[in-house]
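To start, the structure under review is shown below, and the notes come after it.
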Amino acid sequence: MAGGSSSSSSSHCLSYAGCNFLRQRLVLATLSGRPLKIRKIRAREEDPGLRDFEASFIRLIDKVTNGSRIEINQTGTTLYYQPGLLYGGSLEHDCSPSRSIGYYLESLLCLAPFMKHPLKIVLRGVTNDQVDPSVDNLKATALPLLKKFGIDGEGLEIKINRRGMPPKGGGEILFSCPVRKVLQPIQFTDPGKIKRIRGTAYSVRVSPQMANRMVESARGILNKFLPDIYIYTDHMKGVSSGKSPGFGMCLIAETINGTFLSAELASNPQGQGAAVLPEELGQNCAKLLLEEIYRGGCVDSTNQSLALLLMTLGQQDVSKVLLGPLSPYTIEFLRHLRSFFQIMFKIETKSPEEEHKAPPEDYNQVAYISEI
């Protein structure tokens, strides 16, 4: 895949090359109102141009906006996007089954608060896979983060009507979000101690016992650290179980200060890779959660870019948040924020005294981020 180098042309149209970070670029172009041109999208590959899930994402952006201009050349290797008005309203969208609904929902979470009308959208496709954040994860971690910025009310919800596992999907969710013109600034620098762990073990088109086996093995690890653990089992039958079998788990650790840290795993899609034991999956998911807790920060790695975006679009110079080690996706997001909004963040690393429990080599890992 070609990398993404940026250069701003005289007409304020931002120009990029390569297919990386396509969602980031389209979302920030929509919010900033700046036109965008992306060239050389997989130009050297045997199958050049946009993939079906990217084309589906572009159609979704077109649905939630009004008056956008999208031009794609015949081979699909060049995309021109002139953003329209974020409109919202009641919509439906069939997502490509090659990526999960989370791929689309992550971007909608960034756009929804700034629509003209409250967004109410039904998304269909894969609800849980091994690549993108699952709907369970975003429901448990992204919604509380939006609430911290004052985006709340009865209209804010993610509801899973049907689960769908890869490769065939068949899941369905409802996402609704109220409109907020002004965001609250946040000072979110003390994650606090973990007070409880909640989670969901789901199984579709397999024995309901799979979920119980995952719960037991995850608890075997987590109970050594914390007594307050409750993992729901979610076994969907019939129409609500989608079109493919599978199982998986999503775990959420909540702190006394309202930080939510998550980890999740899903079984291999039908006919792909070796069969995974539910006991193994439960244990590995618990270890991933402990690793996420160890990384620290007030926002888990899935939602770092969402927090930074809401800080950018809120009042300047007042918000401050503590993040764990920045993911490569977040680092690129910071660069894009500078290109689209001319906004830079001040990043301070935590001192050894503050980080008193971390081993020495990790002193530079946790960073305070505030706007400048």
Side-chain angles (χ1 to χ4, degrees), residues 51-54 56-57 60 92-106 121-141 158-175 197-222 229-252 262-289 302:
R51 296 284 178 262
D52 57 351
F53 61 88
E54 291 164 335
S56 177
F57 180 76
L60 176 63
E92 294 187 7
H93 185 69
D94 291 324
C95 305
S96 162
S98 46
R99 292 295 285 265
S100 91
I101 290 173
Y103 174 84
Y104 304 86
L105 189 57
E106 269 189 302
I121 186 165
V122 173
L123 296 171
R124 297 186 189 91
V126 173
T127 52
N128 306 76
D129 72 357
Q130 297 174 315
V131 185
D132 300 294
S134 69
V135 179
D136 303 84
N137 185 338
L138 293 172
K139 180 179 179 176
T141 59
I158 294 174
K159 190 175 171 206
I160 303 169
N161 298 331
R162 296 203 288 264
R163 279 194 191 277
M165 300 293 289
K168 292 179 185 166
E172 180 183 290
I173 69 135
L174 170 74
F175 169 52
I197 290 173
R198 294 289 177 265
T200 306
Y202 56 86
S203 54
V204 291
R205 296 191 173 272
V206 293
S207 158
Q209 204 51 43
M210 294 287 199
N212 300 333
R213 286 161 64 184
M214 284 187 285
V215 171
E216 217 165 292
S217 61
R219 289 188 69 110
I221 290 179
L222 298 172
I229 296 170
Y230 195 88
I231 304 170
Y232 300 86
T233 55
D234 179 9
H235 180 66
M236 288 202 167
K237 297 196 281 278
V239 184
S240 43
S241 63
K243 298 173 183 170
S244 295
F247 56 89
M249 179 178 255
C250 176
L251 294 173
I252 310 292
S262 67
E264 60 182 343
L265 278 177
S267 59
N268 288 330
Q270 189 182 12
Q272 295 174 31
V276 182
L277 284 171
E279 287 80 6
E280 211 177 306
L281 191 140
Q283 281 179 354
N284 290 342
C285 194
K287 288 173 186 168
L288 278 177
L289 183 70
T302 311

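Exactly one residue among Arg162, Lys243, Lys159 makes a salt bridge (Lys or Arg N to Asp or Glu O under 4.0 Å) with Glu172. That residue is Arg162.
Asp129 contributes atom CG, which lies 11.5 Å from atom CG of Asn268 (distance to the nearest 0.5 angstrom). Interatomic distance, Gln283 CD to Ile221 CD1, rounded to the nearest 0.5 Å: 5.0 Å. The distance from atom OG1 of Thr233 to atom CD of Gln209, rounded to the nearest 0.5 Å, is 10.0 Å. With rounding to the nearest 0.5 angstrom, the CG atom of Leu123 is 9.0 Å from the CG atom of Asp94. Rounding to the nearest 0.5 Å gives a distance of 12.0 Å between CG of Leu60 and OG of Ser96. Expressed to the nearest 0.5 Å, how far CD1 of Ile173 lies from CG of Leu138 amounts to 8.5 Å.
When all heavy atoms of Asn161 and Met236 are compared, the closest pair comes out as O-CE, 4.2 Å. Residue Ser203 comes nearest to His235 through the heavy atom pair OG-ND1, 2.9 Å, listed as atom of the first residue, atom of the second, then distance. The shortest heavy-atom contact between Thr302 and Pro133 is CG2-CG, 3.5 Å. Closest approach of Leu289 to Leu251, counting heavy atoms only: CD1-O, 3.8 Å. What you find for Asn128 and Met165 is that their closest heavy atoms are O-SD, 3.8 Å. What you find for Ala286 and Ala218 is that their closest heavy atoms are CB-O, 3.9 Å.
Listed for the Arg99 side chain is no donor-acceptor partner under 3.5 Å among the backbone atoms of Asp132. With hydrogens and angles ignored, the 3.5 Å screen pairs no side-chain donor or acceptor of Ser267 with any backbone N or O of Val276. Side-chain atoms of Arg163 do not come within 3.5 Å of backbone N or O of Thr127 as any donor-acceptor pair.
Looking at heavy atoms from C-beta onward, Pro269 lies in side-chain contact with Gln130 at the 4.5 angstrom threshold. A 4.5 Å side-chain heavy-atom check between Cys95 and Tyr103 finds every atom pair outside the cut-off.
Under the 30°/60° scheme for interplanar angles, the aromatic rings of Tyr104 and Phe57 are found to be tilted.
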With side chain to side chain contact (heavy atoms under 4.5 Å, CB included) as the criterion, how do Ile231 and Met249 come out once you've worked through the C-alpha distance, each side chain's angles and the decisive distance to 0.1 Å? CA-CA 9 Å; Ile231 304 170; Met249 179 178 255; 4.1 Å; yes
What do the steps show when you test Ser56 against His93 for side chain to side chain contact (heavy atoms under 4.5 Å, CB included), and what is the final call? CA-CA 9 Å; Ser56 177; His93 185 69; 3.0 Å; yes
What verdict does the salt bridge (Lys or Arg N to Asp or Glu O under 4.0 Å) test give for Arg124 and Glu92, after you've listed the backbone C-alpha separation in whole Å, the side-chain angles of each residue and the deciding distance to 0.1 Å? CA-CA 8 Å; Arg124 297 186 189 91; Glu92 294 187 7; 3.0 Å; yes
